**Q** 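Please find one structure pasted underneath; my questions will follow.
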Amino acid sequence: MVATVLSVALVPLLAAATGGPDDVGYKIKPADSNLWSQRFRGGRLIGGGGCPRRCISFTFDDGPSWDTTPALLETLDSHGIHATFFVTGHRIDGDGEVARRNRAVLATEWRHGHLVGNHTYNHDLLDTMTEPTLRYELDRTETLIHGVIGERVWLFRAPFGALHHPRAVRAVFSREYTPVFWALDSEDWRVHTPEAVLANVRAELDRAPRGGVLLMHDTLPWSIAAFPLILDEIAARNAAFIARGEEPYEVVGLERFYEPLRAAPVRRRRR
Ligand SMILES: [Zn+2]
């Protein structure tokens, strides 16, 4: 059911190259990704590669950011695409106006059917943290996200993609998070223009043509501006693939990469 809906997301992508999303008349069903969210509990590490067929899954880290994220949400909505947002706790904490606005953006992400994950509170290196700090970074963020969307999230992304120290690894898995890494890196934090982000993503798609999980940051204005260009690039590549009789990229959610940590118990047939 979920897979069917997400696979339809390809259609608006192709339409974007020709007539624009309005011509498709396709609207997302907000509830689908939200329902999937509860099934990420306690999964294997998602490395982000290994699409059996060409696929791309969009992930945006470090937000929510009231001044940059909303434009991205509009682009995602207009193309009928679901993404995953890895949220930092410090942005949605407190009584200040900025935190209040950021919480409203997070609520919108969730309401529009995007997946949400924990990206720690302060965005520091997990591998050097003590037990109490790890607890604060993970649990405080979890509580804050829960306060906005009304449920616990099970997806986790380590700041800088660094998760090596046994204490940090244990902290993540003991809370039954599914850690998510990436196969394609936009390196959008290294550059300052949309064109440069697009060039990075092009190079990544050339390097890893089957695609995978793409890392971007919804706190960077040039990355938000690059996103429609990236969709155009994917649509153009898809048009070329289809013309050659090859499979196009399918835009998928992280559920495509999910595997339970423990194998499901084998059901014995009663005699
Ligand atoms: Zn980050």
Side-chain angles (χ1 to χ4, degrees), residues 3 6-21 45-63 68 71-72 75-76 78-86 114-115 157-163 179-259:
L6 284 167
S7 67
V8 180
L10 170 69
V11 176
L13 259 190
L14 290 170
T18 52
L45 179 153
I46 294 177
C51 289
R53 303 166 61 80
R54 283 189 183 109
C55 79
I56 293 189
S57 193
F58 298 110
T59 63
F60 295 91
D61 290 9
D62 298 5
T68 50
L72 171 65
T75 307
L76 289 165
S78 69
H79 288 81
I81 295 169
H82 286 145
T84 305
F85 290 89
F86 288 98
H114 302 292
L115 288 167
R157 178 169 274 164
F160 319 106
L163 183 60
V180 182
F181 293 84
W182 56 86
L184 309 172
D185 192 347
S186 69
E187 301 213 328
D188 51 358
W189 55 276
R190 282 186 193 275
V191 297
H192 294 93
T193 65
E195 291 74 21
V197 179
L198 174 64
N200 287 350
V201 172
R202 276 190 180 137
E204 285 290 85
L205 290 174
D206 291 342
R207 181 186 61 77
R210 290 169 90 83
V213 175
L214 172 67
L215 169 66
M216 296 181 73
H217 296 86
D218 57 310
T219 48
L220 305 175
W222 51 88
S223 207
I224 306 291
F227 189 64
L229 307 178
I230 292 168
L231 293 181
D232 288 348
E233 172 71 21
I234 294 168
R237 289 189 187 219
N238 277 356
F241 289 139
I242 289 167
R244 293 205 300 265
E246 294 178 29
E247 62 182 24
Y249 285 109
E250 184 183 3
V251 176
V252 299
L254 288 178
E255 57 271 21
R256 186 61 63 89
F257 300 86
Y258 177 83
E259 286 178 73

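Small disclaimer: the values here were computed from a predicted structure and weren't measured.
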**Q** Examine distances only and state if a side-chain atom of Ser186 and a backbone atom of Val201 form a donor-acceptor pair shorter than 3.5 Å.
**A** no
**Q** So, for Ala183 and Gly211, which heavy atoms are closest and what is the spacing to 0.1 Å?
**A** CB-O, 4.3 Å
**Q** Can you tell if the side chain of Phe86 reaches within under 4.5 Å of the side chain of Asp62, non-hydrogen atoms only?
**A** no
**Q** Salt-bridge test for Glu233 and Arg202: reply yes if a basic N is under 4.0 Å from a carboxylate O, no otherwise.
**A** yes
**Q** Side chain of His114, backbone of Ala83: donor and acceptor closer than 3.5 Å?
**A** yes
**Q** I need the minimum non-hydrogen distance between Ala158 and Ala162, along with the two atoms involved.
**A** CB-O, 3.5 Å
**Q** To the nearest 0.5 Å, what is the distance between CG (Leu229) and CD1 (Ile234)?
**A** 11.0 Å
**Q** Determine whether Leu184 and Leu205 satisfy the following criterion, side-chain contact (heavy atoms from CB on, under 4.5 Å), listing intermediate values before the conclusion.
**A** CA-CA 8 Å; Leu184 309 172; Leu205 290 174; 4.0 Å; yes
**Q** Should Leu231 and Ile81 count as side-chain neighbours, where that means a heavy-atom distance under 4.5 Å?
**A** yes
**Q** Which pair of heavy atoms, one from Gly63 and one from Asp218, lies closest together, and at what distance?
**A** N-OD1, 3.5 Å
**Q** Using side-chain heavy atoms (C-beta onward) and a distance below 4.5 Å, is Val180 in contact with Tyr258?
**A** no
**Q** Before giving the answer on side-chain contact (heavy atoms from CB on, under 4.5 Å), spell out for Val252 and Ile56 the whole-Å C-alpha distance, their side-chain angles and the decisive distance to 0.1 Å.
**A** CA-CA 6 Å; Val252 299; Ile56 293 189; over 6 Å; no
**Q** Spell out, as yes or no, whether a donor-acceptor pair under 3.5 Å connects the side chain of Thr75 to the backbone of Ala71.
**A** yes
**Q** Applying salt bridge (Lys or Arg N to Asp or Glu O under 4.0 Å) as the test, list every pair that has at least one member in residues 179-188; sequence neighbours left out.
**A** Glu187-Arg190
**Q** Could you give me the CA-CA distance, side-chain angles and deciding distance for Leu163 and Phe181, then say whether side-chain contact (heavy atoms from CB on, under 4.5 Å) is met?
**A** CA-CA 10 Å; Leu163 183 60; Phe181 293 84; 4.0 Å; yes
**Q** To the nearest 0.5 angstrom, please state how far the CZ atom of Phe227 sits from the CG atom of Asp232.
**A** 10.5 Å
**Q** Just by distance, do the side chain of Trp222 and the backbone of Val191 share a donor-acceptor pair under 3.5 Å?
**A** yes
**Q** Under the side-chain contact (heavy atoms from CB on, under 4.5 Å) rule, what do Val213 and Phe257 come out as? Steps first, then yes or no, please.
**A** CA-CA 9 Å; Val213 175; Phe257 300 86; 3.8 Å; yes
**Q** Find the distance between OG1 (Thr68) and CD1 (Ile224) and round it off to the nearest 0.5 Å.
**A** 5.0 Å
**Q** Does any N or O in the side chain of Arg54 come within less than 3.5 Å of the main-chain N or O of Arg210, such that one atom is a donor and the other an acceptor?
**A** no
**Q** Can you tell me if Arg157 and Thr59 form a side-chain donor-acceptor pair at under 3.5 Å?
**A** yes
**Q** Determine whether Leu115 and Phe85 make a side-chain contact, defined as any pair of heavy atoms from C-beta on separated by less than 4.5 Å.
**A** no
**Q** Between the side chain of Tyr249 and the main-chain N/O of Pro209, is any donor-acceptor distance below 3.5 Å?
**A** yes
**Q** Are Leu214 and Trp182 close enough that some pair of their side-chain heavy atoms sits under 4.5 Å apart?
**A** no
**Q** How long is the straight-line distance from OG1 of Thr84 back to CD of Glu255, given to the nearest 0.5 Å?
**A** 7.5 Å
**Q** Report the distance from atom CE of Met216 to atom CZ of Phe60, rounding to the nearest 0.5 Å.
**A** 5.0 Å
